[in-house]
Undergrad: 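This is the structure I have questions about; it appears just below.
Just so you know, ligand 1 is whichever comes first in the structure, and atom 1 is the first atom listed for that ligand. Note that this is a predicted model, so its numbers are computed, not measured.
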Amino acid sequence: MGENRKIILVERPRYRMPTHNCFKLERGPIPEPGEEEFLVRTLWLGLDPYLHGRMKRVSPQAEPVAIGDVMVGATVGRVEQSNHPAYEPGELVVGFWGWQDYAISNGSRILKLKTQLEQEHPSYALGALSRLTGLVAYISIMEISKPRAGETVVIGAATGGLGQIAGQLAKLQGTRAVGIAGSQKKCDFAVDELGYDACVCYKDDDFADQLKNACPEGVDVYVQTIGGDDLDAVMPLLNLYARMPVLGVIAMWSAADLPTGPDRTMLFLNQVMTKRLRVEGVVGNDYFQSHFGVFQREMATWIRNGDIKIVEHVVPDLEDAPMALQGMFQSADEHLGKLVVHVGD
Ligand SMILES: NC(=O)c1ccc[n+]([C@@H]2O[C@H](COP(=O)([O-])OP(=O)(O)OC[C@H]3O[C@@H](n4cnc5c(N)ncnc54)[C@H](OP(=O)(O)O)[C@@H]3O)[C@@H](O)[C@H]2O)c1
């Protein structure tokens with residue numbers, strides 16, 4: 001007789017930051033599958049910035065999580081018991097059943113892990129080979145930015161789950177890849193382990209000067225994930241016809257207030273016009289039908305060939321997930337690569 005631990009959302013973030021206080025742990029019995037249902041054992045839970053939106057009253061992507069409900073999140077698990085004709089015990093699946101040890105599913109929003117690489121590394125289905133992380137990096141570089149050899153590509157949150165892949169993809173295209181990250185440790189990791197040509201810490205007083213020095217030929221692609229002071233530093237460096245896929249604004253999500261000072265929207269629009277910039281919002285789900293299959297095949301090949309290295313920061317237990325999510329919005333220094341929680345075996 002095992003138990004099922006669940007992390008419940010008990011409070012919306014008081015400030016913008018999602019803190020660990022918003023959650024509580026509950027324990028209960030392992031549920032039993034009904035007709036045409038199966039029981040899944042969670043192995044891995046992915047932590048992603050969009051979860052912040054799901055904790056608020058209004059979520060830009062989907063219904064917010066109700067107070068008292070299990071926190072949502074992308075999960076990988078193993079079918080333990082099945083009354084469903086399409087699922088066999090032992091199969092590995094990926095879905096969104098959230099922050100709990102076990103869940104019952106009728107197969108809705110569940111995919112089986114298809115690639116051999118996912119069978120060997122199930123957590124990659126939440127990061128490198130996922131629609132939420134790997135696919136977005138792939139689309140941003142390969143479809144939207146299409147950088148040419150010799151161009152300069154700057155990537156925000158350079159050492160995170162998405163940034164590590166975007167940076168290495170940019171290098172595979174023969175570009176100069178320049179990262180932006182939250183500490184010297186992360187910048188060293190970006191250059192030494194991920195192969196960036198340079199990386200600049202946005203918290204340094206002379207960040208804008210450092211970035212300018214790191215991009216002597218200007219910037220042709222800016223993979224926008226931060227949306228804070230980085231934008232002021234990058235905008236003057238952008239070259240004619242530069243591309244800017246906009247993936248996120250995590251600086252805004254973790255700030256208590258909007259930035260002070262004069263409104264710079266008109267300056268931004270003027271730059272867009274005079275430099276003929278291509279600024280395009282990207283949401284991974286839009287590309288699922290059209291690109292997921294080819295993306296997974298190509299990414300698996302790059303990883304197997306050693307062209308792309310995947311780093312994960314593994315949080316050891318489900319009960320540590322609230323603190324780890326908070327750390328994601330506090331630029332925790334120890335978070336290098338994709339943030340995943342090891343829930344069970
Ligand atoms: N549009 C889409 O479909 C999509 C899909 C996936 C991800 N994204 C976006 O891509 C970005 C990275 O996502 P990820 O999943 O790979 O997460 P991640 O990079 O692994 O983690 C988020 C990172 O953001 C940085 N950060 C946090 N607060 C910050 C602040 N105030 N200012 C600057 N940087 C801050 C931190 O790195 P540092 O320590 O380096 O600051 C943190 O490690 C996010 O903006 C996310 O929303 C978009």
Side-chain angles (χ1 to χ4, degrees), residues 15-18 45-54 59-62 73-74 123 126-128 130-141 143-144 154-169 179-190 194 196 199-204 207 222-234 244-259 280-288 291-292 295 310-315 324-341:
Y15 304 98
R16 288 185 174 247
M17 181 84 70
L45 163 70
L47 297 183
D48 298 279
Y50 79 87
L51 293 175
H52 171 237
R54 303 294 300 277
S59 158
Q61 271 123 346
S123 57
L126 301 170
S130 76
R131 70 168 88 183
L132 290 172
T133 305
L135 177 64
V136 183
Y138 175 88
I139 293 293
S140 301
I141 298 294
E143 293 292 324
I144 293 177
V154 175
I155 295 165
T159 61
L162 187 143
Q164 65 170 337
I165 298 173
Q168 293 179 85
L169 275 177
I180 297 177
S183 69
Q184 192 53 48
K185 177 181 165 188
K186 288 189 173 183
C187 282
D188 291 345
F189 173 80
L194 301 175
Y196 280 87
C199 182
V200 180
C201 174
Y202 62 83
K203 292 175 184 164
D204 287 353
F207 162 59
Y222 181 42
V223 179
Q224 163 65 62
T225 55
I226 302 174
D229 295 341
D230 56 302
L231 201 52
D232 288 334
V234 170
M244 190 194 299
V246 179
L247 314 187
V249 284
I250 196 161
M252 187 177 90
W253 297 336
S254 48
D257 286 304
L258 289 173
E280 184 165 342
V282 185
V283 172
N285 274 339
D286 293 353
Y287 295 87
F288 182 70
H291 288 77
F292 194 61
F295 147 74
I310 299 304
V311 176
E312 293 178 320
H313 178 83
V314 176
V315 177
L325 185 68
Q326 178 175 330
M328 177 174 252
F329 290 87
Q330 289 175 325
S331 297
D333 211 22
E334 69 276 15
H335 289 179
L336 296 170
K338 174 73 193 178
L339 191 53
V340 286
V341 182

Undergrad: Check ligand 1 against G161 and write out every atom of the ligand that is under 4.0 Å from a heavy-atom position of the residue.
TA: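 So the atoms of ligand 1 that pass are 16 (O), 18 (P), 19 (O), 20 (O).
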Undergrad: Taking H291 for the side chain and L135 for the main chain, is one N or O donor matched with an acceptor at less than 3.5 Å?
TA: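 No: the side chain of H291 does not pair with the backbone of L135.
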Undergrad: For ligand 1, which atoms sit closer than 4.0 Å to a heavy atom of I226?
TA: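 That gives atoms 32 (N), 33 (C), 34 (N) of ligand 1.
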Undergrad: Once you measure the plane-to-plane angle for F207 and Y202, does it fall in the parallel (<30°), tilted (30-60°) or perpendicular (>60°) bin?
TA: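 Perpendicular.
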Undergrad: Can you tell me which residue among V223, L169, T225 is in a side-chain contact (heavy atoms from CB on, under 4.5 Å) with I155?
TA: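 So the option named by the test is V223.
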Undergrad: Need the ligand 1 atom indices (1-based, order shown) with element for anything under 4.0 Å from a heavy-atom of K186.
TA: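 This gives 37 (O), 38 (P), 39 (O), 40 (O), 43 (O) as the contact atoms.
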Undergrad: Using a 4.0 Å cutoff against the non-hydrogen atoms of G248, which atoms of ligand 1 qualify?
TA: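 The atoms of ligand 1 under 4.0 Å from a heavy atom of G248 are 45 (O).
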Undergrad: Pairs of nitrogen or oxygen atoms closer than 3.5 Å, one from L247 and one from ligand 1: do any exist?
TA: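 L247 vs ligand 1: N/O contact under 3.5 Å present.
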Undergrad: Heavy atoms only: which of P245, A157, S130 lies closest to atom 12 (C) of ligand 1?
TA: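 Shortest heavy-atom distance from atom 12 (C) of ligand 1: A157.
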Undergrad: If you measure from each non-hydrogen atom of V136 to ligand 1, which part falls under 4.0 Å: side chain, backbone, both or neither?
TA: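 It is the side chain that touches ligand 1; the backbone stays farther off.
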Undergrad: Please state which protein non-hydrogen atom is closest to atom 5 (C) of ligand 1 and give its distance, to 0.1 Å?
TA: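 Of every protein heavy atom, L132 O, 3.0 Å lies nearest to atom 5 (C) of ligand 1.
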Undergrad: Please lay out, stage by stage, how F295 and I139 fare under the test side-chain contact (heavy atoms from CB on, under 4.5 Å).
TA: CA-CA 9 Å; F295 147 74; I139 293 293; over 6 Å; no
Undergrad: Using 0.5 Å steps for rounding, measure from the CG atom of L247 to the CD atom of E280.
TA: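 L247 CG to E280 CD: 10.5 Å, rounded to 0.5 Å.
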Undergrad: For ligand 1, which part of N285 has a heavy atom less than 4.0 Å away: the side chain, the backbone, both, or neither?
TA: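 No part of N285 is near ligand 1 at this cut-off.
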Undergrad: Using 30° and 60° as the class boundaries, would you call the ring planes of F288 and F292 parallel, tilted or perpendicular?
TA: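 Rings of F288 and F292: tilted, as their planes differ by 30° to 60°.
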Undergrad: Decide whether an N or O pair under 3.5 Å exists between T225 and ligand 1.
TA: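 Yes, at least one N or O pair falls under 3.5 Å.
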Undergrad: Could you identify the single nearest non-hydrogen protein atom to atom 47 (O) of ligand 1 and state the distance to 0.1 Å?
TA: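 Heavy-atom neighbour on the protein nearest atom 47 (O) of ligand 1: W253 CZ3, 3.3 Å.
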Undergrad: Return yes or no for this condition: an N or O of L162 is under 3.5 Å from an N or O of ligand 1.
TA: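 Yes; at least one N/O pair falls below 3.5 Å.
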Undergrad: Any carboxylate oxygen within less than 4.0 angstrom of a Lys/Arg side-chain nitrogen, looking at K338 and D48?
TA: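 Salt bridge between K338 and D48, a charged N being under 4.0 Å from a carboxylate O: yes.
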Undergrad: Measure from the side-chain N and O atoms of Q164 to the backbone N and O of V311, and report whether any donor-acceptor pair falls under 3.5 Å.
TA: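 Yes.
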Undergrad: Check for me whether Y50 has a heavy atom closer than 4.0 Å to any atom of ligand 1.
TA: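 No, that is not the case, since the closest heavy atom of the residue is not under 4.0 Å from the ligand.
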Undergrad: Tell me whether V282 reaches ligand 1 (any heavy atom closer than 4.0 angstrom to a ligand atom).
TA: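 Right, V282 reaches ligand 1.
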Undergrad: I need the nearest protein heavy-atom contact for atom 42 (C) of ligand 1: residue, atom name and distance, please.
TA: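 Looking only at protein heavy atoms, the one closest to atom 42 (C) of ligand 1 is M328 O, 3.4 Å.
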Undergrad: Decide yes or no for L126 and L132: does some side-chain heavy atom of the first lie under 4.5 Å from some side-chain heavy atom of the second?
TA: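 No - every pair of side-chain heavy atoms lies 4.5 Å or more apart.
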Undergrad: Is the number of heavy atoms from other residues, nucleotides or ligands under 6.0 Å of D229 CG greater than 12?
TA: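 Result for CG/D229: open.
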Undergrad: How long is the span from the CD atom in Q168 to the CD1 atom in I141, to the nearest 0.5 Å?
TA: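 That separation rounds to 11.5 Å.
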Undergrad: In this structure, does ligand 1 have an atom that sits under 4.0 Å from one of the heavy atoms of T159?
TA: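 No.
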Undergrad: May I ask whether H335 places a heavy atom under 4.0 Å from ligand 1?
TA: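 Under 4.0 Å: no for H335.
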Undergrad: Enter the distance from K185:NZ to L336:CG here, rounded to the nearest 0.5 Å.
TA: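 With rounding to 0.5 Å, NZ (K185) is 5.5 Å from CG (L336).
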Undergrad: Hey, is the main chain of A158 close enough, under 3.5 Å, to the side chain of Y196 for a donor-acceptor pair?
TA: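 Judged by distance alone, yes, a pair lies under 3.5 Å.
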Undergrad: Can you check whether S331 reaches K203 side chain to side chain, under 4.5 Å on heavy atoms?
TA: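 Yes, close enough: below the 4.5 Å cut-off.
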Undergrad: Quick check: does Y202 get an N/O under 3.5 Å from an N/O on ligand 1?
TA: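 By distance alone, the answer is yes.
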Undergrad: Nearest protein heavy-atom contact for atom 19 (O) of ligand 1: which residue, which atom, what distance?
TA: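 Checked against all protein heavy atoms, atom 19 (O) of ligand 1 sits closest to G160 CA, 3.3 Å.
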Undergrad: Rounded to the nearest 0.5 Å, what separates atom CD in Q326 from atom CG in L47?
TA: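 Those atoms lie 12.5 Å apart.
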Undergrad: What protein heavy atom lies closest to atom 13 (O) of ligand 1? Include the residue and the distance to one decimal.
TA: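 Of the protein heavy atoms, P49 CG, 3.6 Å lies nearest.
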Undergrad: Identify the protein heavy atom lying closest to atom 36 (C) of ligand 1, giving its residue, its atom name and the separation to 0.1 Å.
TA: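 Here the closest protein heavy atom is S331 OG, 3.7 Å.
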Undergrad: Report yes if G182 has an N/O atom closer than 3.5 Å to an N/O atom of ligand 1; otherwise report no.
TA: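 Checking ligand 1 against G182, an N or O pair does fall under 3.5 Å apart.
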Undergrad: Nearest protein heavy atom to atom 31 (N) of ligand 1, by residue and atom, and its distance?
TA: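 Ranked first by proximity to atom 31 (N) of ligand 1 is S254 OG, 3.1 Å.
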Undergrad: Using heavy atoms and a threshold below 4.0 Å, how should the contact between Q330 and ligand 1 be classified: side chain, backbone, both, or neither?
TA: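 Neither; no heavy atom under 4.0 Å.
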Undergrad: Tell me, which protein residue and heavy-atom name are nearest atom 3 (O) of ligand 1, and how many Å apart are they?
TA: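 Result for atom 3 (O) of ligand 1: G284 N, 3.0 Å.
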Undergrad: State the atoms of ligand 1, each with its element, that fall below the 4.0 Å cut-off from a heavy-atom position in A181.
TA: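 What qualifies from ligand 1 is 40 (O).
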Undergrad: Check this for me - ligand 1, A332, N or O atoms closer than 3.5 angstrom, yes or no?
TA: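 It does not: no N or O of A332 is found under 3.5 Å from an N or O of ligand 1.
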Undergrad: Calculate, to the nearest 0.5 Å, the distance between atoms CG and CD1 belonging to L194 and I310 respectively.
TA: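 Between atom CG of L194 and atom CD1 of I310 there are 9.0 Å.
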